[in-house]
Amino acid sequence: MQKDVIVVGGGVIGSAIALRLAQAGLKVAVIERGRTGCEASRAAAGMLSPQVDAQSRTPFFDLCLRSRAMWRDFAAELKDATDIDTEYRDEGTLAVFIEGERESDWVSWQIDAGLRLEKLTVDEARRLEPAVTKLASRAVFVPGDHQVENRRLMDALDVAMRRAGVEVIEGEEVTALVAERGRVTGVVCRNRRLRAGTVVVAAGCWSSRLLSPLGLNIEITPARGQMIAVRGNAAINHVLHSSQCYIVPRRDGRILIGATVEYVGFEKAVTVGGVNQLLAAAIELVPAFERFEIIESWSGLRPDTPDHLPIIGQSGVDNLLLATGHFRNGILLAPATAELIAGNITSGRIPDEMKHFGVERFERTVSDL
Ligand code: FAD
């Protein structure tokens, strides 16, 4: 098999990149050791919410805003291509401050910067979301922060990339990248060599394992997030945030409560402590949850980097690109990441925006290949 591009990892990042590359006319394969989206990308909450809690204006924040703006069209494109509705919802997000809590700094700088935020009194917040606790002291409505149903998103991406001509190889693990005379020429998978002009590593928190044999010592660390889903008879109409948790209502009646951030290696257990923490925070925000039924619990491993920012772009080794480390924002950032990586591969140019997310920012050693 000779491909123009092999993408390692069929999460939201690898799948979106593969889709864009195939649409550009390249011969592309995605190699996924499980099923498309079986890790962090299906475990996520699907919030497209760069503004809540963003502490300052940075290139990362700008990339998040740009990607958020791409979402409406991306969701529509996937619906057209697959007939799968990813349930993109644009009703905004409500951040609630509980009595005694200091309003955090993200609100004031964003208002000063002219970003869309509406400060609400408790009464106004409760008119918008009657189930919110009476102990709230203030709230901020973020009209531009939205959500998508990320399980349906992964179903749609799977269908869309196959229809665009991507060869999706599931149930096979890439065990090594092949390097010859200083450049990557393919991957090893099931003891056979698959050749490609370019390899993109989008293997989430498993990316480091593939890179370190090439001397690319980049720490991508798993950050476990536990989630639960509940169901009951008080309606929630918006994504809600408090300082301790978030709540995401889905169209099918499930309400997601998330999420812990824990550095416990590759351990994916759902723990009593994690569930306890989520339930306590959720009940504080929406007291009616006490009567709700718990219908599901799960966890996923976010790919984190030393500075918590994604790595998008050239690796320093010829023909090897990286698209990983999206930590808490991989769903949000998928459209922009795919555009950047596909643009780089098809044009050979490195967009200015991508330069902020290069691997050069970390100390690394590239040994003789
Ligand atoms: P993954 O989805 O983990 O995909 C990597 C894939 O690579 C996996 O499927 C894996 O099986 C495969 N793989 C690994 N190694 C190999 C190999 N050697 N060979 C073949 N395949 C391999 N983001 C948001 O934007 N909004 C949210 O609301 C949000 N909420 C979250 C809530 C939780 C609980 C969690 C865990 C994450 C959340 N995130 C959210 C973050 C988001 O899920 C991630 O940033 C995103 O899914 C990362 O996508 P990825 O494709 O890089 O990684």
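Quick note: residue numbers are just sequence positions, from 1. Both ligands and their constituent atoms are indexed starting at 1 by order of listing.
- Every N/O-N/O distance between G34 and ligand 1 stays at or above 3.5 Å.
- A cation-pi contact, defined as under 6.0 Å to the ring centre and within 45° of the axis, links R151 to W298.
- Judged by the 6.0 Å distance and 45° axis criteria, R209 is positioned over the aromatic ring of F266.
- Contact atoms of ligand 1 toward W206: 3 (O), 14 (C), 15 (N) (distance under 4.0 Å to a heavy atom of the residue).
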N/O donor to acceptor pairs below 3.5 angstrom from side-chain atoms of residues 327-335, sequence neighbours left out:
none

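- Between A43 and ligand 1, no pair of N/O atoms sits closer than 3.5 Å.
- For ligand 1, the atoms sitting less than 4.0 Å from at least one non-hydrogen atom of F327 are 41 (C), 42 (C), 44 (C), 45 (O), numbered in the order shown with element in parentheses.
- Contacts of R328 with ligand 1, taken as heavy-atom pairs under 4.0 Å, involve the backbone alone.
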Only pairs under 3.5 Å count here: list side-chain donor-acceptor contacts from residues 269-284, not counting sequence neighbours, and write none if there are none.
from	atom 1	to	atom 2	distance (Å)
T271	OG1	Q226	NE2	3.0
T271	OG1	G274	N	2.9

*What do the steps show when you test D90 against Q147 for side-chain hydrogen bond (donor to acceptor under 3.5 Å, both in side chains), and what is the final call?*
CA-CA 7 Å; D90 63 356; Q147 64 148 307; over 6 Å; no
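- Counting atoms of ligand 1 from 1 in the listed order, those under 4.0 Å from a heavy atom of E172 are 20 (C).
- The protein non-hydrogen atom at the shortest distance from atom 19 (N) of ligand 1 is V174 N, 2.9 Å.
- Relative to atom 47 (O) of ligand 1, the option among G14, G9, S41 with the closest non-hydrogen atom is S41.
- If you look at Q147 next to ligand 1, there are no close heavy atoms at all, none under 4.0 Å.
- Taking any N or O of L210, backbone or side chain, none lies under 3.5 Å from an N or O belonging to ligand 1.
- W206 contributes no side-chain N or O that, together with a main-chain N or O of P303, makes up a donor-acceptor pair within less than 3.5 Å.
- Distance from atom 25 (O) of ligand 1 to its nearest protein heavy atom, with residue and atom name: L332 N, 2.8 Å.
- Close contacts between ligand 1 and G225 involve ligand atoms 34 (C) [criterion: under 4.0 Å to a heavy atom].
- More than 12 heavy atoms of other residues, nucleotides or ligands shown are found within 6.0 angstrom of CZ on R57.
- Only the side chain of Y246 comes within 4.0 Å of ligand 1, judged by heavy-atom distances.
- Scanning the protein heavy atoms around atom 43 (O) of ligand 1, the nearest turns out to be A40 O, 3.1 Å.
- Shortest contact from atom 38 (C) of ligand 1 to any protein heavy atom: A44 CB, 3.5 Å.
- Around CZ of R251, the count of heavy atoms belonging to other residues, nucleotides or ligands within 6.0 Å exceeds 12.
- Looking at N319, its side chain never comes within 3.5 Å of a backbone N or O of T185 through a donor-acceptor pair.
- The N/O atoms of V12, backbone and side chain alike, include one that comes under 3.5 Å of an N/O atom in ligand 1.
- Between the side chain of S67 and the main chain of L63, no donor-acceptor pair closer than 3.5 Å is present.
- In terms of polar-atom proximity, defined here as any N/O pair under 3.5 Å, G300 makes no such contact with ligand 1.
- Checking side-chain atoms of D304 against main-chain N and O of P222 turns up no donor-acceptor pair under 3.5 Å.
- Aromatic ring centroids of F141 and H238 lie under 6.0 Å apart.
- In summary, the atoms of ligand 1 found under 4.0 Å from a heavy atom of I331, numbered by their order in the structure, are 23 (N), 24 (C), 25 (O).
- Distances below 4.0 Å separate heavy atoms of N329 from the following atoms of ligand 1: 23 (N), 24 (C), 25 (O).
- By the neighbour-count criterion of 12 heavy atoms within 6.0 Å, atom CD of E170 is densely surrounded, having more than that number from other residues, nucleotides or ligands.
- Residue A202 touches ligand 1 through its backbone alone, judged by heavy-atom distances below 4.0 Å.
- Across V187, L321, L177, a single residue satisfies side-chain contact (heavy atoms from CB on, under 4.5 Å) together with V201, and that is L177.
- Where the criterion is an N or O separation shorter than 3.5 Å, residue side chain and backbone included, R33 meets it with respect to ligand 1.
- Close approach to H326 involves these atoms of ligand 1, each under 4.0 Å from a residue heavy atom: 45 (O).
- Counting only heavy atoms of the protein, atom 12 (C) of ligand 1 lies nearest to E32 OE1, 3.2 Å.
- Those atoms of ligand 1 with a heavy atom of G46 less than 4.0 angstrom away are 27 (C), 28 (O).
- For the pair M47 and ligand 1, the shortest N or O to N or O distance falls below 3.5 Å.
- At least one heavy atom of I31 sits under 4.0 Å from some atom of ligand 1.
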*Decide side-chain hydrogen bond (donor to acceptor under 3.5 Å, both in side chains) for H146 and S49; before the verdict, give the C-alpha distance in whole Å, the side-chain angles of both, and the deciding distance to 0.1 Å.*
CA-CA 6 Å; H146 301 316; S49 54; over 6 Å; no
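- At a heavy-atom distance under 4.0 Å, only side-chain atoms of M227, from C-beta outward, approach ligand 1.
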